[in-house]
Amino acid sequence: MTQAAPTSAYVHVPFCQQRCAYCDFNTYAGLLHLAGPYFDAVRAEIAAERARAGQAGDMPALETVYFGGGTPSLVPEAQLASTMRALSDAFGFAPGLEATLEVNPGTLRPGAAESWRACGFNRASVGVQALRDPLLAALDRIHTAAEAEEAFATLRSAGFENLSADLMLGLPGQTEADVVDAVDRVVSCGAGHVSFYSLTVEPGTPFALRYPDGRGLPGDDEERRLYDAALGELARNGLSQYEISSAARPGLRCRHNVVYWEARPYYGFGAGAFAYAAGVRRGNVVGVPAYIEAIGAEGAAEDSRETVDRAGEMAEVMILGLRMNDGVSRAEFQRRFGGTLDAAFGAAVRPLVAQGLLEDEDDRIRPTRKGIDFSNVVSRAFL
Amino acid sequence: MNNSSDRQRSIRNFCIIAHIDHGKSTLADRMIEHTGVLTQREMQSQVLDDMDIERERGITIKAQAVRMVHHSSDGKEYILNLIDTPGHVDFNYEVSRSLAACEGAVLVVDAAQGIEAQTLANVYLAIEANLEILPVINKIDLPSAQPDLVKQEIEDVIGLDASYAPLVSAKNDINIEEVLEQVVLHVPPPSGDEDAPLKALIFDSKYDTYRGVIVHVRVFDGAVRPGDRILMMYTGKDFVVTEVGTFRPGELLPTEILQSGDVGYIVASIKNVRDTHVGDTVTLLERPAETPLHGYKKVQQMVFCGIYPADGAKYPDLRDALEKLQLNDAAFSFEPETSVALGFGFRCGFLGLLHLEVIQERLEREFLLDLVTTAPSVVYRIFGTDGAMTLIYNPTNLPPVTEISFMEEPVVQANIMTPTEYVGNIMELCQDRRGTFRTMDYIDPKRVNMHYDMPLNEIIYDFFDALKSRTRGYASLDYELSGYARSDLVKLDIMLNNEVVDALSFIVHKDKAYARGRRMAEKLKENIPKHQFEIPIQACIGGKIIARETVQAFRKDVLAKCYGGDITRKKKLLEKQKEGKKRMRQVGSVEVPQDAFMSVLKLDE
């Protein structure tokens with residue numbers, strides 16, 4: 001089964017003003033002086049990808065673009081603009097393009113939001129995390145709660161209508177009232193989409209040192225209470241959950257992320273970025289200088305490569321698809337793979353339904369609330 | 001008649017007996033080094049213990065033998081055959097056969113620690129075998145060494161003349177020549193009849209992939225050569241000899257003949273180690289001896305447990321491995337059995353708990369098998385209401401109480417040697433383990449030998465560990481099966497999530513059932529990971545619940561983020577978790593880690 005060419009592109013921006021205490025992403029503080037050569041390399045990678053892909057006109061235009069990080073809002077606007085232009089030149093933008101920029105409220109310079117909007121971004125994902133200053137300080141965030149709320153106003157007045165807020169759950173000292181308050185406030189600031197991430201203590205981060213074995217952090221019971229509080233308050237505000245950590249008003253789901261969860265192809269540009277196309281998932285080298293050098297030398301910076309065969313793709317469709325409340329459609333599965341979902345995974349699905357982790361409703365297999373809490377149990381059944 | 005020929009007069013066959021840690025293997029190494037069988041460079045520490053497990057645990061499981069040549073101060077050359085003996089109570093019979101192959105024994109006693117129960121048990125065996133005993137005081141260079149006290153103790157306790165006992169340090173190579181000289185002086189030479197029909201004692205056998213079973217023998221009378229047809233007098237099997245020879249450390253040295261007085265090996269295309277019982281007498285088919293050597297006993301397994309492959313698909317591999325191990329160790333047995341919880345496996349019989357552990361470890365290390373082992377059990381006698389007696393090897397097979405008239409359990413005579421200050425602790429422990437006090441002899445003002453009748457099933461669990469911890473390691477234990485006694489026994493079942501797990505059932509004395517059930521439930525609670533649902537753990541007797549614990553449900557197992565490349569990472573993590581699951585056994589709806597089946601044995605920890 002050959003996949004269609006990607007209509008989504010991810011651009012990684014591995015620069016931060018300072019690292020947050022919980023973060024283990026591929027990002028660096030103090031390397032911003034490399035932004036120039038870095039984005040030159042990203043644009044070169046885009047052009048090279050376009051050249052490999054075939055003749056102009058063969059390519060479907062991009063439906064979604066996502067600049068994530070790191071802190072994309074930290075780098076000079078001109079770099080973002082020329083990279084957007086490079087994408088547009090290479091692949092074209094489809095009407096109704098969703099173009100997301102991740103924004104840290106501590107990096108909003110006067111006029112920046114307007115120039116982001118002008119170069120084509122129409123969706124901003126704001127890293128709020130929490131709206132009580134001691135919580136933010138504990139995360140080593142570079143902004144206050146007030147600055148986060150101001151950022152929404154600035155973005156809205158620059159013309160961003162599609163706004164998302166990232167919140168974190170399970171922080172030390174966080175209460176249900178904190179969560180409810182944060183949800184209410186980001187919604188009233190205009191967020192039509194909220195991502196709410198349960199804190200994961202990653203090895204090697206300052207958090208792993210501060211909270212060895214999770215000591216000092218809310219336990220699972222408490223964390224689920226916070227999660228429930230978030231879901232309830234989001235629903236009350238008209239944002240319904242559509243994925244483990246995502247809720248949105250109707251029509252405002254993040255289309256780019258849905259591409260991941262439907263295991264559809266996407267381009268990935270930049271250091272440590274992943275691309276998935278034609279049954280191959282490739283990862284770029286993670287280091288910024290190494291990436292720049294590899295692109296300069298070879299026009300590519302591939303570091304890892306995983307072939308996803310038909311069976312693997314089927315499994316990923318289930319594993320990722322069942323992260324979403326809508327789950328997986330039997331009809332779509334059959335359209336995509338020829339064979340039926342039940343032939344491939346009936347034996348895996350049935351016990352999960354019996355355990356109350358999945359719901360089987362005519363066309364769709366969906367996770368239950370319990371299936372969301374135990375998503376890994378569901379996933380393991382498809383490996 | 002050519003009694004004690006010149007040839008035999010230059011032979012000394014002896015063994016070394018010692019308590020674990022008193023330096024038996026090190027002394028053997030030194031003697032080998034001094035007689036020049038091996039150069040220092042060739043010496044691997046403790047050459048006689050050639051199984052990894054033996055070296056790690058510092059114990060001898062299989063007897064080994066080595067032939068040394070000693071140039072004595074009398075100007076003559078002597079052949080010294082050293083037969084190493086197993087050093088654990090599980091292997092008493094093997095010890096007795098090794099001793100029977102010798103004329104003398106070197107008794108190694110630690111200059112700081114003196115005589116221990118294990119030593120004494122082996123000394124008695126040696127005295128029973130009519131061996132000349134040569135005491136050697138080892139570790140004399142330790143600051144805490146008290147050689148004169150130890151000598152006195154040897155004289156008082158064993159009644160041996162210790163005045164000429166060499167004072168040595170095997171570790172630091174002090175006075176080893178003296179030991180060799182004393183062996184020549186005190187160990188009598190063999191005095192077999194070279195012209196009589198062959199009589200050779202099998203004291204060990206080993207399986208070799210290419211040559212079949214290699215039989216280790218001590219020739220008492222007559223001679224054996226390649227081409228001879230030999231007869232095993234107890235098993236009645238006969239074979240044609242293809243090779244005979246003597247032992248060099250780690251290798252075999254073929255010779256033309258083995259004659260009376262010699263210690264060596266016989267190769268005769270023997271396919272099965274079961275045809276070569278330790279203790280059997282080898283003779284010639286054409287000209288057999290009239291009577292076999294006495295002392296033969298069929299080995300008796302005392303401890304049984306279920307061994308299952310962790311991965312059910314590995315059942316044939318486990319069977320192959322057990323068959324291969326049995327080629328080398330006829331002392332354990334196995335029979336197929338099935339368990340509701342564990343599937344297909346084997347009920348295996350062992351000489352004791354150490355023997356069980358050794359076999360289990362060898363299966364895991366040498367055959368790379370992942371095993372689930374069930375609680376060891378002894379063999380119970382069940383007398384039915386119909387008067388019939390049944391032996392129960394597996395607690396699961398216990399008939400319903402209504403069909404049982406009464407039950408009997410095996411009882412051992414246990415001898416515990418201890419410094420006097422621990423007598424109270426030991427009495428408490430033995431009483432707790434249903435022991436019946438017999439007598440207590442004072443070895444010296446500071447040490448006693450306590451004799452108890454104890455049910456074997458109280459000893460096989462963690463008695464030895466409990467004894468060590470209550471006596472700061474000073475007490476030592478020796479026991480021997482003495483018979484069966486009527487006992488008020490019950491079957492204790494464990495239910496996980498309301499289902500009985502057959503592999504966790506065991507038979508226990510009624511008075512101990514409550515405490516054991518409670519500890520077991522607690523221990524399982526520690527070992528069973530959280531599931532999505534609450535898991536009740538219940539211990540029950542005949543449907544009556546006597547203890548309950550609960551494994552709380554866990555609340556979530558979810559990755560908050562999964563974008564782009566995260567899927568690769570997530571899949572790796574999930575694969576790893578799935579591997580971890582393989583180390584679990586699905587018992588009904590509950591996943592039980594393999595260790596849990598074994599950890600419930602160590603209830604004292």
Side-chain angles (χ1 to χ4, degrees), chain A residues 8 10 12 25-26 66 68 168-170 195-200 219-225 227 243-245 256-257 259-261 263 266 268 272-276 281-284 304 306 308 312 315-316 319-320 323 355-357 370-383, chain B residues 310-313 340-341 343 370 496-499 525-536 549-594:
Chain A
S8 290
Y10 175 78
H12 190 67
F25 296 163
N26 181 37
Y66 196 105
M168 291 179 75
L169 303 174
S195 298
F196 41 102
Y197 298 115
S198 297
L199 173 70
T200 310
D220 283 359
D221 280 335
E222 177 59 16
E223 194 279 328
R224 283 295 99 171
R225 269 195 286 279
Y227 184 84
E243 188 261 351
I244 290 171
S245 305
H256 185 84
N257 287 345
V259 166
Y260 295 138
W261 299 323
Y266 47 87
F274 275 82
Y276 177 51
R281 187 161 37 242
R282 293 179 291 114
N284 279 344
S304 67
E306 181 189 6
V308 183
E316 289 183 9
I319 290 170
L320 294 165
R323 291 183 66 84
Q355 289 173 59
L357 296 169
K370 190 174 161 197
I372 281 180
D373 287 345
F374 294 100
S375 160
N376 289 343
V377 175
V378 172
S379 296
R380 280 196 293 269
F382 296 97
L383 280 175
Chain B
D311 173 2
V340 179
D370 249 339
L496 289 183
N497 209 20
N498 306 313
E499 283 176 61
K525 183 187 176 180
E526 289 165 24
N527 275 277
I528 294 173
K530 285 182 173 181
H531 283 54
Q532 293 160 48
F533 46 88
E534 212 178 77
I535 304 165
E549 292 286 338
T550 308
V551 178
Q552 299 299 332
F554 72 122
R555 288 289 293 119
K556 61 167 190 169
D557 182 8
V558 51
L559 296 182
K561 286 190 178 189
C562 196
Y563 304 112
D566 294 338
I567 181 71
T568 303
R569 212 159 68 137
K570 171 168 170 144
K571 268 165 63 186
K572 275 187 192 147
L573 184 77
L574 294 171
E575 297 278 6
K576 220 162 120 188
Q577 289 171 345
K578 215 166 172 169
E579 275 305 304
K581 295 263 172 209
K582 282 194 186 154
R583 295 196 64 88
M584 306 268 193
R585 290 303 293 221
Q586 186 82 31
V587 178
S589 51
V590 181
E591 283 169 339
V592 182
Q594 290 166 38

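It should be emphasised that the depicted structure is a prediction, and the values quoted were computed from it without experimental measurement. Each chain gets a letter, A, B and so on, in the order the sequences are listed, and its residues count up from 1.
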| note | Pair count under 4.5 Å, heavy atoms only, with chain B: among Val378(A), Leu320(A), Val308(A), Thr200(A), highest is Leu320(A)

| task | Check Ser245(A) against Ala560(B) and note the closest heavy-atom contact, atom names and distance. | result | OG-O, 2.7 Å

| said: On the six-membered ring of Phe374(A), is Lys556(B) placed so that its NZ or CZ lies under 6.0 angstrom from the centre and within 45° of the ring axis? | reply: no

| note | chain B shares the most heavy-atom pairs under 4.5 Å, among Asp221(A), Leu199(A), Leu169(A), with Asp221(A)

| Minimum heavy-atom distance Lys570(B)-Ser375(A), with the two atoms named | NZ-OG, 3.8 Å

| note | Closest heavy-atom pair, Asn376(A) versus Asp557(B), reported as atoms and distance to 0.1 Å, is ND2-OD1, 2.7 Å

| said: side-chain contact (heavy atoms from CB on, under 4.5 Å) for His531(B) and Val377(A)? Distances and angles first, verdict last. | reply: CA-CA 10 Å; His531(B) 283 54; Val377(A) 175; over 6 Å; no

| field | Among Tyr266(A), Trp261(A), Tyr10(A), the one residue meeting side chain to side chain contact (heavy atoms under 4.5 Å, CB included) with Tyr563(B) | value | Trp261(A)

| field | Distance, nearest 0.5 Å, that separates NZ of Lys576(B) from CZ of Arg380(A) | value | 13.0 Å

| Of all of Asp220(A), Leu383(A), Ile244(A), which one pairs up most often with chain B through heavy atoms under 4.5 Å apart? | Leu383(A)

| task | Specify which of His256(A), Glu306(A), Lys370(A), Glu243(A) makes the most heavy-atom pairs with chain B at under 4.5 Å. | result | Glu306(A)

| task | Find the distance between NZ (Lys578(B)) and OG (Ser379(A)) and round it off to the nearest 0.5 Å. | result | 10.5 Å

| Side-chain ion pair, Glu316(A) and Lys571(B), N-O less than 4.0 Å | yes

| message | If I compare all heavy atoms of Arg323(A) with all of Leu559(B), which pair ends up nearest, and what's the gap? | response | NH2-O, 3.0 Å

| message | Other residues, nucleotides and ligands only: do more than 12 of their heavy atoms fall within 6.0 Å of CZ on Phe554(B)? | response | yes

| task | State, with a plain yes or no, whether a side-chain heavy atom of Arg555(B) is found less than 4.5 Å away from one of Tyr227(A). | result | no

| said: Working to the nearest 0.5 angstrom, can you tell me the gap between Ile567(B) CD1 and Phe274(A) CZ? | reply: 11.0 Å

| query | Do Gln532(B) and Leu357(A) have side-chain heavy atoms sitting under 4.5 Å apart? | reply | yes

